[in-house]
Amino acid sequence: MIVKIYTDGACRGNPGPGGWGALLVYGDKEKEVFGFSNNTTNNIMELTAAVESLKLLKRSCQIILTTDSVYVKNGITIWINNWKKKNWKTASKKDVKNKNLWMALDYECSKHQIDWKWVKGHSGHRENEIADSLANKAIDNNI
């Protein structure tokens, strides 16, 4: 069976207080997770949602991970190979932003088979709306 994961990050101000949320679906079971950071960026929260949701899986899985972040999807599916070849430098020879999170995401991805999907945010996609709501709940409650 395939694990479906839907992630989102939110930030009020950029930087500012932020939250991440994820909905994990396995068969007819759903698990909601979320977290808060006092001073962060939207991109950090988007990455954190993916990393933290993958960390919850106890064994190697086949996953469909859906994000509304082009940054996360393109970073992990396209850009990361060149970053690693260039010792975590961009094409313009600058350090990759959020390198620690990209490395953590790369590590978590190495344990699984993941099909990355992108969905437009705030477009009525049920699971993405839940992930967005969880990210905002984390900010609202500082948890």
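Residue numbers run from 1 in the order of the sequence given.
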Which atom pairs, one a donor and one an acceptor, fall under 3.5 Å between side chains of residues 6-26 and the rest of the protein, sequence neighbours left out?
unit_1, atom_1, unit_2, atom_2, d
Arg12, NH1, Asp140, OD1, 2.9
Arg12, NH2, Asn136, OD1, 3.1
Arg12, NH2, Asp140, OD1, 2.8
Asn14, OD1, Asn42, N, 3.0

- Query: Is a side-chain donor or acceptor of Ser123 paired with a backbone partner of Lys120 at a separation under 3.5 angstrom?
  - Reply: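 At least one qualifying donor-acceptor pair exists.
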
- Task: List for me each residue that meets salt bridge (Lys or Arg N to Asp or Glu O under 4.0 Å) alongside Lys89, sequence neighbours excluded, and say none if there are none.
- Result: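 Counting only residues at least two positions away or on another chain, Lys89 forms a salt bridge (Lys or Arg N to Asp or Glu O under 4.0 Å) with Asp95.
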
- Message: I'd like to check the side chain to side chain contact (heavy atoms under 4.5 Å, CB included) partners of Lys85; sequence neighbours left out, ordered by chain and number.
- Response: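 Per chain and number, Lys85 pairs via side chain to side chain contact (heavy atoms under 4.5 Å, CB included) with Asn82.
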
- Can you name the side chain to side chain contact (heavy atoms under 4.5 Å, CB included) partners of Ile143, sequence neighbours left out?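 Side chain to side chain contact (heavy atoms under 4.5 Å, CB included) list for Ile143, sorted by chain: Phe34, Asn141.
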
- Query: Mind checking whether Leu65 and Val72 have side chains closer than 4.5 Å, heavy atoms only?
  - Reply: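 Heavy-atom side-chain distance check fails, nothing below 4.5 Å.
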
- Dump the intermediate steps for salt bridge (charged side-chain N to carboxylate O under 4.0 Å, His left out) on Lys117 and Glu127, then the final yes or no. CA-CA 13 Å; Lys117 303 282 186 193; Glu127 293 84 359; over 6 Å; no

- Message: Does anything in residues 90-110 form a ring-ring contact (aromatic ring centres under 6.0 Å, His included)? List the pairs, not counting sequence neighbours.
- Response: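 Pairs touching residues 90-110 that pass the test: Tyr71-Trp102, Trp83-Trp102.
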
- Task: Report the C-alpha distance between Asp68 and Asp132 in whole Å, list the side-chain angles of each, state the deciding distance to 0.1 Å, and finish with yes or no for side-chain contact (heavy atoms from CB on, under 4.5 Å).
- Result: CA-CA 10 Å; Asp68 65 3; Asp132 178 69; 5.7 Å; no

- Does the side chain of Thr90 come under 3.5 Å of the side chain of Ser92 through a donor N or O and an acceptor N or O?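 Thr90 vs Ser92: donor-acceptor pair found between side chains.
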
- Item | Working for side-chain contact (heavy atoms from CB on, under 4.5 Å), residues Leu105 and Leu47 | CA-CA 8 Å; Leu105 184 56; Leu47 282 165; 4.0 Å; yes

- Message: With salt bridge (charged side-chain N to carboxylate O under 4.0 Å, His left out) as the criterion, how do Arg126 and Glu129 come out once you've worked through the C-alpha distance, each side chain's angles and the decisive distance to 0.1 Å?
- Response: CA-CA 5 Å; Arg126 176 190 171 270; Glu129 296 292 340; over 6 Å; no

- Message: Does atom NZ (Lys111) have a neighbourhood of more than 12 heavy atoms from anything else shown, all under 6.0 Å?
- Response: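 Count over threshold, so yes.
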
- Query: Quick one: hydrophobic cluster around Phe36, which other residues, with the 4.5 Å side-chain cut-off, linked directly or via members?
  - Reply: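 None, because no other hydrophobic side chain comes under 4.5 Å of this residue.
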
